[in-house]
Structures are given as structure tokens and as C-alpha cells.
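Scroll down for the structure; my scribbles are underneath it.
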2 protein chains.
Amino acid sequence: MIRLSRKSDYGLVALKALRGLEPGDALSARELAAQLGLPGDMTPKVLARLAQAGLVESSMGKAGGYRLARAAGDISVAEVVRVLDGEPGLAPCREGILECNRIETCDIKHPLDNLHQEVMRVLQGMSIAQL
Amino acid sequence: MIRLSRKSDYGLVALKALRGLEPGDALSARELAAQLGLPGDMTPKVLARLAQAGLVESSMGKAGGYRLARAAGDISVAEVVRVLDGEPGLAPCREGILECNRIETCDIKHPLDNLHQEVMRVLQGMSIAQL
DNA sequence: CCAACTGCGACCGTTCTAGTCCGAGTTTAG
DNA sequence: CTAAACTCGGACTAGAACGGTCGCAGTTGG
Ligand code: SF4
Ligand code: SF4
């Protein structure tokens, strides 16, 4: 349960690889995948999503690729996870999708939310720079 | 991803219900399920596993049931989660089961382990008593 | 003996995840 | 202008994890 998805994991690896890069330069997803040993067709997806969220910048075209949109120290693990896995909350009854007949009288949800905030604070405390 | 399984959730609810109980008294799983609105056949399983791990005591036989084995303040959320979900670690490559071709040269595993420890410390900080 | 429990494992349907594939749009090089 | 090397987005499939149910054996108290 308390485990990163593969996507988040790969995202972190990719971001780390991206962080030592001349400004203006870019790395293609394919290149990254080969260099990091990630599944070839997974990397573009992850990167695209990160680009969508504004964590990395992308340039299209022949010599295109990705580069960090911000300083490595400004991108927290929490943010990456939120983008790639979503942030549903610690309790199973997330976003009202997962139903629970206890949801009306539940006395456990609030404490769990508090815990969740603390956990996120921990994840927020670590940035790509110090991976 | 950063989400409790249903099992852990139910476990916490059950433990909370169990905590205000006369010493020597016991609550049957069925009774708990009815009282808490949990799926009927799920509760015995969760309780049994908690008993196995020594978090609750069980008494068999006709007037049997479960009661806390320790003070509510001595049972942490982390422990419950570990018993019911296992504690694989934050990184996907858990227990050597999930393979990853990067595992030899991975420079991200250690930082993730550190993060994981911090997260567990947070979960350790909350007990059943203060759910 | 009988009734009410725990304990344990097998079982199945559903959901989530990992990974692959393909078509469309974009930019640069020649 | 054309072709190559990219990104982008969605659709799709196989597999694993999860939630929940069932049934039976063992135990205890009346
Ligand atoms: S028991 Fe409470 S916390 Fe758990 S899923 Fe139901 S409402 Fe949410
Ligand atoms: S990339 Fe590193 S942390 Fe992630 S699964 Fe592979 S070895 Fe583990």
C-alpha cells in the first residue's frame, strides 16, 4: 500500500537525469529511456504528463526533447507523485468514488486526513535536487 | 498510491471500537461487523490476522470474541498497517519480487528508503487511542 | 450433544496497473 | 518541399492486486 507506482518511480528517475542539463538543451524521451534502462514506450507517457503539469518543458520537432521547467530544488517528490498517481488521500473513500456505508458516521476519516497531510509534508520536504 | 487498503481501514475501525471495553470482556467479530457496518465476512479475517500478530487477544468458544491485547495508546497505526498490508517499502522493487533492470545501478532507491522511514515514523506517531 | 464462536484456506469477480501500439501534429535539416 | 526525428494523446491488452464470499475444521461453554 505505502508504495510508489512504477510511473512515479520512473518519473523521479527521469527528472533526476534531467537535472544536470545545460539550459536550452533538451533530452528526448527515447534517449532517456535508453540511458536509464526504462521500458521504452513508458517514458514518453510519463514525461508528457509531467510536461502537462508544468514540471518539465518540452520542445517539439526534430531536435526536441524535455528539460526541467524549474530548478531541481523547487520540484518536490510530493508534486511528482501527485501528478503521476493523483492524490486521493489516505482513506479508501477517495473522491466520493469508492463508496463506504460508514461514510456518514465515520469517526476515523478525519484523523486519517491529518495523517495524510503529515505524510505529504514529508514528501514535500524532499526535492529532485536531493533525491 | 498513498492510500490505505480496505483491510487496514477496517482494522483501525475495529480496533477503535474494541478499545472501550471492560477488561476480560470480548466482542465477537459478527457483533463488531454489525455494529460498525462492515462487510460481514471481512471482519473475522481482519481480526484473526490482528490476533495472529498479537495486537488483539481472542477467546474461542461460545462466548468468545476479541479484545485488545495492549493499551490503546501502545498500538500505532503503523503497526496495524504493517500487519494487514505488509510493509514493502516506498520503492516498487520490494522484497526482490518486483524486478527492475535498474536495480543494480539505481541511485534513487536509498533516498526513497529514507523517505519511507520518515513516513513510517509519522504513522508510528499516531496510536489507536488518538485515532 | 449442541450452539456460538474463532481460525484458516480456497475461491471468484472486479478494479488497478504496466506496458505496448498507433495515428496525428510539429519542428528542423537538407 | 520533403523527409526525418521528435512530442502528444488515446486505445488497447495482459497481468497482478484487492475486496468480498463461502465452507469446513477446531474449540469452548451450557
Ligand atoms: S470507514 Fe471511514 S475512512 Fe474508511 S472508507 Fe469508510 S468512511 Fe472512509
Ligand atoms: S528504479 Fe530504482 S527504486 Fe525504482 S524499482 Fe528500479 S531499482 Fe527500485
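First the proteins, then the strands, lettered A, B, ... as listed; each starts at 1.
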### Pairwise side chain to side chain donor-acceptor pair (under 3.5 Å) hits with a residue in residues 37-56 of chain A, at least two apart
none

### Query
In chain order, what residues pass the salt bridge (Lys or Arg N to Asp or Glu O under 4.0 Å) check against B/K16, with sequence neighbours excluded?
A/D107

### Task
Go through residues 45-69 of chain B and report each residue with a non-hydrogen atom lying under 4.0 Å from DNA chain D, sorted by number.
B/K45, B/M60, B/G61, B/K62

Under 3.5 Å, side-chain donor or acceptor atoms of residues 53-80 of chain B against the rest of the protein: list the pairs with distances, not counting sequence neighbours.
unit_1 : atom_1 : unit_2 : atom_2 : d
B/E57  : OE1    : B/R67  : NE     : 3.3
B/R70  : NH1    : B/D74  : O      : 3.0
B/R70  : NH2    : B/E79  : OE2    : 2.6
B/S76  : OG     : B/E79  : N      : 3.2

### Strand contacts (DNA chain C) in residues 18-41 of chain B, 4.0 angstrom heavy-atom criterion
B/S28, B/A29, B/R30

### Summary
B/D9 CG to D/dG20 C1', in whole Å, measures 15 Å

### Results of side-chain hydrogen bond (donor to acceptor under 3.5 Å, both in side chains) for A/R82 - residues two or more places apart only
A/E87

### Message
Under 4.0 Å from OP1 or OP2 of D/dG20: is there any side-chain N or O of B/Y10 that close?
### Response
yes

In residues 115-127 of chain B, what donor-acceptor pairs under 3.5 Å come from side-chain atoms, sequence neighbours left out?
unit_1 : atom_1 : unit_2 : atom_2 : d
B/S127 : OG     : B/A129 : N      : 3.3
B/S127 : OG     : B/Q130 : OE1    : 3.3

### Task
Kindly compute the distance separating NZ (A/K109) from CG (B/L131), expressed to the nearest 0.5 Å.
14.0 Å

### B/L4 or A/P44, whichever maps to the more 5' nucleotide of DNA chain D
A/P44

### Query
Over how many whole Å does the gap from A/M42 atom CE to D/dT7 atom P extend?
16 Å

I'd like a table of donor-acceptor pairs (distance under 3.5 Å, sequence neighbours excluded) in which one partner is a side-chain atom from residues 26-40 of chain A, with atom names and distances.
unit_1 : atom_1 : unit_2 : atom_2 : d
A/S28  : OG     : A/E31  : N      : 3.1

### Counterpart residues, side-chain hydrogen bond (donor to acceptor under 3.5 Å, both in side chains), relative to B/R19 (two or more places apart)
none

